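Predicted model only: the values in this text are computed from it and were never measured.
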Amino acid sequence: MADTTTRSKADIEAEIAAARARLADNVAGLINQVHPKAVVQRGIDDARGFAAAEFANAKSQVIDDQGHVRTDRVLLIGGAITGLVTFVVLVRGILKSMRSA
């Protein structure tokens, strides 16, 4: 259907001016969005958010809702660390003895 309303020259000019303003705002927004400093800041913000979430997750593994240390989890983590250190020391010893032989 064709638009049968008649628009004045002033109405058309106002509509074009509004469209230009919207276009300028969109272009300015895109420039700000892809600006290197903005990209870096978003990366930093994402990393901070990730680190905060992971810290909260790790903390919840060893501290319960009442703020008490979950000794069973702490002992489990300590045992895992001890096992890892023992493994590394043994492998280094084996490699060292193989090199000197």
Engineer: Output the distance between atom CG (Asn32) and atom NZ (Lys37), rounded to the nearest 0.5 Å.
Structural biologist: 12.0 Å
Engineer: So which heavy atom on Gln33 is nearest to which on Ala38, and how close?
Structural biologist: O-CB, 4.3 Å
Engineer: To the nearest 0.5 Å, tell me how far Asn57 CG sits from Gln61 CD.
Structural biologist: 5.5 Å
Engineer: Do Val89 and Ile81 land in one hydrophobic cluster if side-chain heavy atoms of ILVMFWY residues count as linked below 4.5 Å?
Structural biologist: yes
Engineer: First locate atom CG of Asp46, then atom CD of Gln41, and finally report the distance between them rounded to the nearest 0.5 Å.
Structural biologist: 10.0 Å
Engineer: Nearest 0.5 Å please: distance from the CG atom of Leu90 over to the CG atom of Leu95.
Structural biologist: 11.0 Å
Engineer: For residues Ile77 and Val85: do they belong to one hydrophobic cluster (side chain heavy atoms under 4.5 Å, members Ile, Leu, Val, Met, Phe, Trp, Tyr)?
Structural biologist: yes
Engineer: Ignoring hydrogens and angles, tell me if any N or O in the side chain of Arg73 forms a donor-acceptor pair with the backbone of Ile63 under 3.5 Å.
Structural biologist: no
Engineer: About how many Å separate CD1 of Ile16 and CD of Glu13, when rounded to the nearest 0.5 Å?
Structural biologist: 7.0 Å
Engineer: Give the minimum heavy-atom separation between Ser100 and Ser97, together with the two atoms involved.
Structural biologist: OG-O, 3.2 Å
Engineer: Working to the nearest 0.5 Å, report the span between OG1 of Thr82 and CG of Leu75.
Structural biologist: 10.0 Å
